[in-house]
Participant: 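Have a look at the structure that comes next, please.
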Amino acid sequence: MAERMTSIRLPGSKHVGLADWGRKSREEMIKMIRDHAADQRSMADAILAASDDDFLVETYTGVHVHRNREVIHPASALEAAE
């Protein structure tokens with residue numbers, strides 16, 4: 001038997017929306033998607049404000065456990081910390 005889910009999205013939006021387990025109220029779902037959007041906004045603002053040198057770029061093998069990690073470009077904050 002399938003589990004009950006509740007989802008929320010803006011129709012016509014290119015963004016998928018969110019879903020949660022169980023039956024949720026309209027108010028709960030609106031709060032959840034707005035909280036998620038605020039988190040995404042703060043992440044987007046940080047990414048857009050960062051200089052190219054602020055990013056750490058790595059390559060590795062594995063999805064869950066990262067092995068054979070190789071730094072392609074260190075983040076400037078990491079260089080300053082070392």
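Since the structure is predicted, the reported quantities are computational estimates derived from the model, not experimental observations.
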Participant: Give a yes or no answer on whether the side chain of T6 reaches the backbone of K24 with a donor-acceptor pair at less than 3.5 Å.
Facilitator: yes

Participant: Which pairs would a plain distance check flag for residues 27-34, meaning a side-chain donor or acceptor within less than 3.5 Å of a matching protein atom at least two apart in sequence or in another chain?
Facilitator:
residue : atom : partner : partner atom : Å
E28     : OE1  : S25     : N            : 2.7
E28     : OE1  : S25     : OG           : 3.3
K31     : NZ   : D35     : OD2          : 2.6

Participant: Find the distance between CE (M5) and CH2 (W21) and round it off to the nearest 0.5 Å.
Facilitator: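 Answer for the CE-CH2 pair, M5 versus W21, is 5.0 Å.
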
Participant: Around atom CG of L48, are there more than 12 heavy atoms from other residues, nucleotides or ligands closer than 6.0 Å?
Facilitator: yes

Participant: Around D52, counting heavy atoms of other residues, nucleotides and ligands shown, do more than 12 lie under 6.0 Å from its CG?
Facilitator: no

Participant: For S51, check side-chain contact (heavy atoms from CB on, under 4.5 Å) against everything at least two apart and list the hits.
Facilitator: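 So S51 forms a side-chain contact (heavy atoms from CB on, under 4.5 Å) with D53, D54.
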
Participant: Flag yes if more than 12 heavy atoms outside Y60 fall under 6.0 Å of its OH atom; otherwise flag no.
Facilitator: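 No - once you tally the heavy atoms of other residues, nucleotides and ligands closer than 6.0 Å, there are 12 at most.
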
Participant: Holding to salt bridge (Lys or Arg N to Asp or Glu O under 4.0 Å), I want the full list of residues that pass it with R4, two or more places apart in sequence or in another chain.
Facilitator: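 Checked R4 against salt bridge (Lys or Arg N to Asp or Glu O under 4.0 Å); zero matches.
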
Participant: Linking I/L/V/M/F/W/Y whenever their side-chain heavy atoms sit closer than 4.5 Å, directly or via other members, would V57 and I47 fall into one cluster?
Facilitator: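 Different hydrophobic clusters.
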
Participant: What's the separation between atom CG in N68 and atom CD in E70, rounded to the nearest 0.5 Å?
Facilitator: 9.5 Å

